[in-house]
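Input: a single structure, listed below in structure tokens.
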Amino acid sequence: MPGSLRWKVAALITVACCAVAAVVGVLVHRMTLERTMRLGEDRALTDVATVAAQYRTGAAPEQPVPWTDWIRDPAELPAALRARLPAEQPTEDPTVSSPGSSPGSSPDSSTAAPAESSTGSPTPSPTGSPAWTPDGSAVTWYDDQKPDQPWMWAALRVHGGFVATSKIDMSSDLAGLRALDRAMVLAALTALAVVVPLSALLAEPANRRLRRVAVTARRIAAGDLDARVATTKPLGSGRRDGVSATKRPGRGDEIADIAVAVDSMAASLQHRLLAEQRFTADVAHDLRTPIMGLVAAAELLDEGEATDLVRDRVQVLRSLVEDLLEVSRLDAGAEVAERVRVPLAELAAQSAERVGVEARVVTSAGGEPVAVTDPRRLDRIVANLVLNARRHGEPPVLITVRDHLVEIRDHGPGYPQELLAEGPRRFRTGAAERGRGHGLGLTIALGQAGVIGAELTLANAEDGGALATLRLPRRDPDAS
């Protein structure tokens with residue numbers, strides 16, 4: 001598992017926290033703004049009602065009069081506020097007589113309409129109550145044309161075509177809102193500074209366990225079937241197939257389930273591989289004695305075409321049994337390399353000649369390449385590769401020898417893609433165009449390369465044909 005998992009978890013938690021903080025911040029901001037606007041409207045409406053209540057028609061505007069500056073002509077108002085005002089309603093004619101009086105009669109002083117003063121404004125009634133009634137309802141308007149000094153307006157029509165107004169300064173309220181926004185941002189950043197490292201720290205144990213599972217899986221894929229995720233206790237030891245699942249004590253989460261699955265898979269693979277190895281070794285060992293008898297008996301036959309055919313098939317069967325025995329020894333890990341200085345070009349030519357393959361050996365300029373390795377195992381590798389090139393490819397077979405490097409290639413159809421992707425498999429050549437075979441030659445070559453610490457890679461040449469590259473170690477792999 002990559003080591004950056006905890007940072008990915010931390011990033012995911014950070015994104016989630018930022019989203020939550022943003023949503024909460026927007027909601028708090030909107031609710032606070034709406035409340036501030038509502039309070040501003042209430043204050044403006046209260047003030048305009050006070051202005052209207054203090055307005056006395058007919059009284060001359062004497063200084064100081066609190067409401068004098070707040071009674072205005074509609075034309076003096078901002079256009080947006082003026083557009084919100086309701087249409088002016090017609091007022092009653094003050095010359096209309098009271099009920100019960102005849103037209104043209106002079107009204108009683110107590111019921112007569114207020115007289116106008118010299119200023120043209122109605123005079124107050126004798127009873128002292130206002131001689132006017134507000135027309136329509138009050139309206140508000142938020143003036144934010146100057147962001148540094150916003151205002152909340154309220155307006156109410158009064159008698160005489162005038163408008164009572166109030167104007168509330170909202171700058172302090174909005175300053176408080178901005179301070180709240182800054183406080184929320186600071187709190188969110190502080191929370192993130194604590195949450196991100198904490199989340200990364202909390203994710204590290206799970207990340208470490210997943211890394212251990214990944215490392216174990218890679219070791220199993222590389223062939224180390226003894227690898228296990230952790231110290232475990234076997235479960236179901238009484239199973240007939242000999243496979244024991246494992247479980248880590250004290251764990252019950254998904255990572256523990258993955259660890260149990262990986263350990264169970266490794267145990268199952270190991271059991272099946274050991275069974276296959278035992279079967280191969282047993283079959284090869286049991287066949288060796290009768291095969292040697294067949295070889296001896298074939299030598300006693302009279303010379304002839306049939307005898308030559310029997311001897312050839314017996315030799316093929318003997319080679320197959322020897323290959324099976326060699327594979328079983330490689331599987332058991334019982335092979336040990338004996339290293340000496342080996343001239344690579346000479347050994348490659350002798351190996352091809354021994355198996356009857358006509359191959360051309362090409363060496364690099366600068367002398368005879370020499371490597372310290374096991375000559376018998378290197379001979380076995382080269383012989384198997386050139387035999388594979390002759391059987392499944394097309395001539396010419398070319399052996400290129402350089403410093404600690406041996407390449408064998410043919411000019412046939414090349415290795416099948418399945419073999420390149422999965423590696424050689426026993427008793428399988430991979431494709432019909434590669435010809436018939438048991439699939440043991442490449443398997444033995446890979447196994448012997450592992451014994452001498454060399455690296456064998458299989459590929460297809462760009463201009464066609466199979467290409468096997470053997471890279472020998474420059475130093476003894478067994479040396480400490």
Side-chain angles (χ1 to χ4, degrees), residues 222-226 273 277 280-281 284-285 288 318-357 359-364 366-391 397-410 423-426 437-459 466-480:
D224 185 7
L225 297 182
D226 291 326
L273 182 59
Q277 292 173 356
T280 302
H285 185 272
R288 190 173 190 180
R318 180 183 179 181
S319 298
L320 175 60
V321 173
E322 294 295 335
D323 287 346
L324 289 175
L325 286 173
E326 186 172 359
V327 168
S328 65
R329 289 194 300 268
L330 291 172
D331 289 340
E335 300 290 336
V336 179
E338 298 178 0
R339 294 177 173 83
V340 295
R341 290 178 59 84
V342 178
L344 298 181
E346 181 181 349
L347 184 142
Q350 293 176 355
S351 299
E353 182 180 359
R354 180 175 60 81
V355 295
V357 177
R360 183 164 62 95
V361 180
V362 178
T363 59
S364 61
E368 177 74 14
V370 177
V372 178
T373 185
D374 189 320
R376 183 178 67 85
R377 300 185 189 280
L378 180 59
D379 170 73
R380 181 67 162 150
I381 296 171
V382 174
N384 281 15
L385 291 176
V386 295
L387 276 174
N388 186 80
R390 186 188 67 178
R391 290 173 181 174
V397 177
L398 180 64
I399 303 176
T400 304
V401 180
R402 294 194 292 270
D403 182 25
H404 291 82
L405 182 69
V406 179
E407 293 180 345
I408 296 97
R409 66 160 297 182
D410 58 47
R425 301 173 67 178
R426 302 171 188 179
H438 304 294
L440 295 179
L442 292 179
T443 301
I444 294 174
L446 282 172
Q448 295 290 5
V451 173
I452 64 176
E455 179 186 1
L456 178 59
T457 58
L458 306 178
L467 175 63
T469 304
L470 180 67
R471 293 179 174 84
L472 299 171
R474 294 184 176 274
R475 53 178 300 179
D476 188 354
D478 300 331
S480 56

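The chain is numbered in sequence order, starting from 1.
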Practice prompt. Would you please test Thr469 and Val406 for side-chain contact (heavy atoms from CB on, under 4.5 Å) and show each step?
Written response: CA-CA 6 Å; Thr469 304; Val406 179; over 6 Å; no
Worksheet item: Step by step, would you call Leu472 with Leu405 a side-chain contact (heavy atoms from CB on, under 4.5 Å)?
Response: CA-CA 6 Å; Leu472 299 171; Leu405 182 69; over 6 Å; no
Between [atom1] on residue [X] and [atom2] on residue [Y], distance to nearest 0.5 Å:
X	Y	atom1	atom2	result
Thr373	Arg341	OG1	CZ	12.5 Å
Leu467	Thr457	CG	OG1	7.0 Å
Arg377	Gln448	CZ	CD	5.0 Å
Leu347	Arg354	CG	CZ	9.0 Å

Item to complete: Only counting residues at least two apart or in another chain, list the ones meeting side chain to side chain donor-acceptor pair (under 3.5 Å) with Arg376.
Response: none
Discussion item. Closer than 4.0 angstrom, basic N to acidic O: yes or no for Arg390 and Asp410?
Written reply: no
Worksheet item: Charged N to carboxylate O under 4.0 angstrom, Arg402 versus Glu407?
Response: yes
Worksheet item: Ile399 pairs by side-chain contact (heavy atoms from CB on, under 4.5 Å) with which of Val357, Thr363, Val361, Leu385?
Response: Val361
Fill in: Test side-chain contact (heavy atoms from CB on, under 4.5 Å) applied to Leu446 - qualifying residues, sequence neighbours left out
Pro424, Leu456
Discussion item. For a side-chain contact (heavy atoms from CB on, under 4.5 Å) check, start with the C-alpha distance between Ile408 and Leu470, then their side-chain angles and the critical distance, and finish with the verdict.
Written reply: CA-CA 8 Å; Ile408 296 97; Leu470 180 67; 5.8 Å; no
Discussion item. For Arg360, is the CZ atom crowded, meaning more than 12 foreign heavy atoms sit under 6.0 Å from it?
Written reply: no
Fill in: Asn384 side chain to Gly441 backbone, donor-acceptor under 3.5 Å
yes
Worksheet item: Counting distance only, does the side-chain N/O of Arg339 pair as donor-acceptor with the main-chain N or O of Ile452 below 3.5 Å?
Response: yes
Looking at side-chain heavy atoms only, is the closest gap between [X] and [Y] below 4.5 Å?
X	Y	answer
Leu442	Leu458	yes
Asp403	Val370	no
Val362	Leu398	yes
Val397	Arg409	no

Looking only at heavy atoms, which two atoms of [X] and [Y] are closest? And how far apart?
X	Y	answer
Val401	Pro369	CG1-CG, 3.8 Å
His404	Pro473	CD2-O, 3.3 Å
Ala383	Ser351	N-CB, 4.2 Å
Pro375	Val340	CD-CG2, 3.6 Å

